[in-house]
Amino acid sequence: MAELGPVAWPPVPLRTDRLVLREPEARDRAAYVDLFSSPEVRTYLGGPRPRAELESSVPEVPGRRSGVFVVDHHGSMIGIVTLDRRDAGRPGHVSPGAGEAELSYMLLPEAWGHRYAVEACSAALSWFADAFPGEPVVLCTQVANDRSVRVAEKLGFSEMERFEEFGAEQWFGVWSSVPRSG
């Protein structure tokens, strides 16, 4: 994943009514391992990674890099939201030079169904719009992941195209902080 670009990182923690988006800390390691080893979470993301592999390879402070927000609910990590630059070699772009910001997220199964994904991603998108005014953000998910497609639509992503990648049909959408006319 390519870095976002010239932006101070980490930003001040982002606060919503119920969540805090913050940089990763050592206390998040166990939840990070749970997230990446979960068959439910990783159903549409290539499957779970082996827990033993994660236990031995995940650093003391996992995910510490520009663009990674821990989603914190009442002092505990319930997921992550990331903003990275989309690889130019992958399908799905809205800019001629590619490299658009791409939003992704994963929440632990016990956090599903509470609208945390919409709340956390909205906060990250708002931060991004302030840090990179007018720049579009893309989101790609498997068409079969209807929950993720619904989240994307609730966030204001508009479907641009569908294509085959990773052996599955993908839904590709774009979000823009620039007000749409009409």
Side-chain angles (χ1 to χ4, degrees), residues 1 4 9-49 51 54-55 58 61-84 86 101-132 136-160 166 168-177:
M1 295 289 166
L4 279 178
W9 195 267
V12 173
L14 309 178
R15 298 183 186 283
T16 70
D17 289 342
R18 303 178 296 167
L19 307 171
V20 176
L21 274 68
R22 58 171 173 76
E23 72 175 316
E25 300 173 357
R27 66 184 167 123
D28 302 321
R29 189 177 187 282
Y32 191 91
V33 169
D34 289 346
L35 192 65
F36 282 85
S37 64
S38 169
E40 295 87 4
V41 171
R42 304 282 301 170
T43 296
Y44 301 103
L45 299 169
R49 295 198 31 213
R51 179 172 282 283
L54 290 165
E55 290 286 359
V58 170
V61 180
R64 181 174 267 170
R65 65 176 177 77
S66 178
V68 176
F69 292 100
V70 162
V71 180
D72 183 308
H73 183 253
H74 295 302
S76 296
M77 177 183 154
I78 62 167
I80 59 173
V81 173
T82 61
L83 285 158
D84 291 300
R86 187 164 177 84
E102 182 172 19
L103 176 75
S104 61
Y105 65 92
M106 292 188 293
L107 297 178
L108 291 166
E110 56 267 24
W112 295 0
H114 301 282
R115 295 188 48 88
Y116 295 141
V118 171
E119 190 172 330
C121 291
S122 290
L125 288 166
S126 180
W127 170 84
F128 184 87
D130 288 342
F132 298 91
V137 179
V138 298
L139 184 148
C140 189
T141 188
Q142 285 188 25
V143 170
N145 189 351
D146 59 327
R147 293 176 75 144
S148 188
V149 171
R150 283 196 309 272
V151 166
E153 291 169 341
K154 287 177 184 174
L155 289 168
F157 282 83
S158 300
E159 183 177 351
M160 297 299 293
F166 306 121
E169 185 180 18
Q170 304 294 320
W171 184 98
F172 180 80
V174 65
W175 177 88
S176 176
S177 62

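As a basis for the values below, the full set of heavy atoms in this structure was taken, side chains included, without hydrogen atoms, waters or symmetry mates.
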Ignoring hydrogens and angles, write down the donor-acceptor pairs under 3.5 Å from the side chains of residues 107-116, residues two or more places apart or on other chains.
residue : atom : partner : partner atom : Å
W112    : NE1  : L107    : O            : 2.8
W112    : NE1  : L108    : O            : 3.4
Y116    : OH   : H73     : NE2          : 3.2

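- Ionic pairing of R29 and E55 is present here: one or more N-O contacts between side-chain nitrogen and carboxylate oxygen are shorter than 4.0 angstrom.
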So L103 and F157, side-chain contact (heavy atoms from CB on, under 4.5 Å) or not? Walk me through it.
CA-CA 11 Å; L103 176 75; F157 282 83; 4.0 Å; yes
Can R147 and Y44 be said to form a side-chain contact (heavy atoms from CB on, under 4.5 Å), step by step?
CA-CA 11 Å; R147 293 176 75 144; Y44 301 103; over 6 Å; no
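- Partners of T16 according to the side-chain contact (heavy atoms from CB on, under 4.5 Å) rule, which considers only residues two or more places apart in sequence or in another chain, are L19, E119, A123.
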One pair to check against side-chain contact (heavy atoms from CB on, under 4.5 Å): Q142 and F166. What are the steps and the verdict?
CA-CA 9 Å; Q142 285 188 25; F166 306 121; 5.6 Å; no
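- With sequence neighbours excluded, no residue forms a side-chain contact (heavy atoms from CB on, under 4.5 Å) with A30.
- The CD1 atom of I78 lies 13.5 Å from the CG atom of D34; values are rounded to the nearest 0.5 Å.
- Smallest separation of non-hydrogen atoms from V61 and P24: CG1-O, 3.5 Å.
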Taking it one step at a time, do S38 and M106 satisfy side-chain contact (heavy atoms from CB on, under 4.5 Å)?
CA-CA 10 Å; S38 169; M106 292 188 293; over 6 Å; no
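- In this structure, W175 and A129 approach most closely via the heavy-atom pair CH2-CB, 4.0 Å.
- Separation of atoms CG (L54) and OH (Y32) is listed at 8.5 Å; rounding is to 0.5 Å.
- Across all their heavy atoms, F69 and L14 have their closest contact at CE2-CD1, 3.7 Å.
- Taking 4.0 Å as the cut-off between side-chain N and carboxylate O, D84 and R65 count as a salt-bridged pair.
- Counting all heavy atoms, side chain and backbone alike, E23 lies closest to D28 at O-OD2, 4.4 Å.
- Within 6.0 Å of the CZ atom in R15, the count of heavy atoms belonging to other residues, nucleotides or ligands does not exceed 12.
- Shown here for P39 and T43, the closest heavy-atom pair between the two residues is O-OG1, 2.8 Å.
- Across all non-hydrogen atoms, the minimal contact from V20 to P13 is CG1-CB, 3.9 Å.
- In this structure, the separation between CZ on F128 and SG on C121 is 13.5 Å, given to the nearest 0.5 Å.
- R27 contributes a side-chain N or O that, together with a main-chain N or O of G75, makes up a donor-acceptor pair within less than 3.5 Å.
- Remark: E25 CD to R64 CZ distance equals 8.0 Å, nearest 0.5 Å.
- Between atom OG of residue S148 and atom CG of residue L45 there is a gap of 8.0 Å, rounded to the nearest 0.5 Å.
- Atom CG of L139 is separated from atom CG of L155 by 7.5 Å, given to the nearest 0.5 angstrom.
- Between F132 and W127, the ring planes are perpendicular. Angles over 60° get that label, and only those under 30° would be called parallel.
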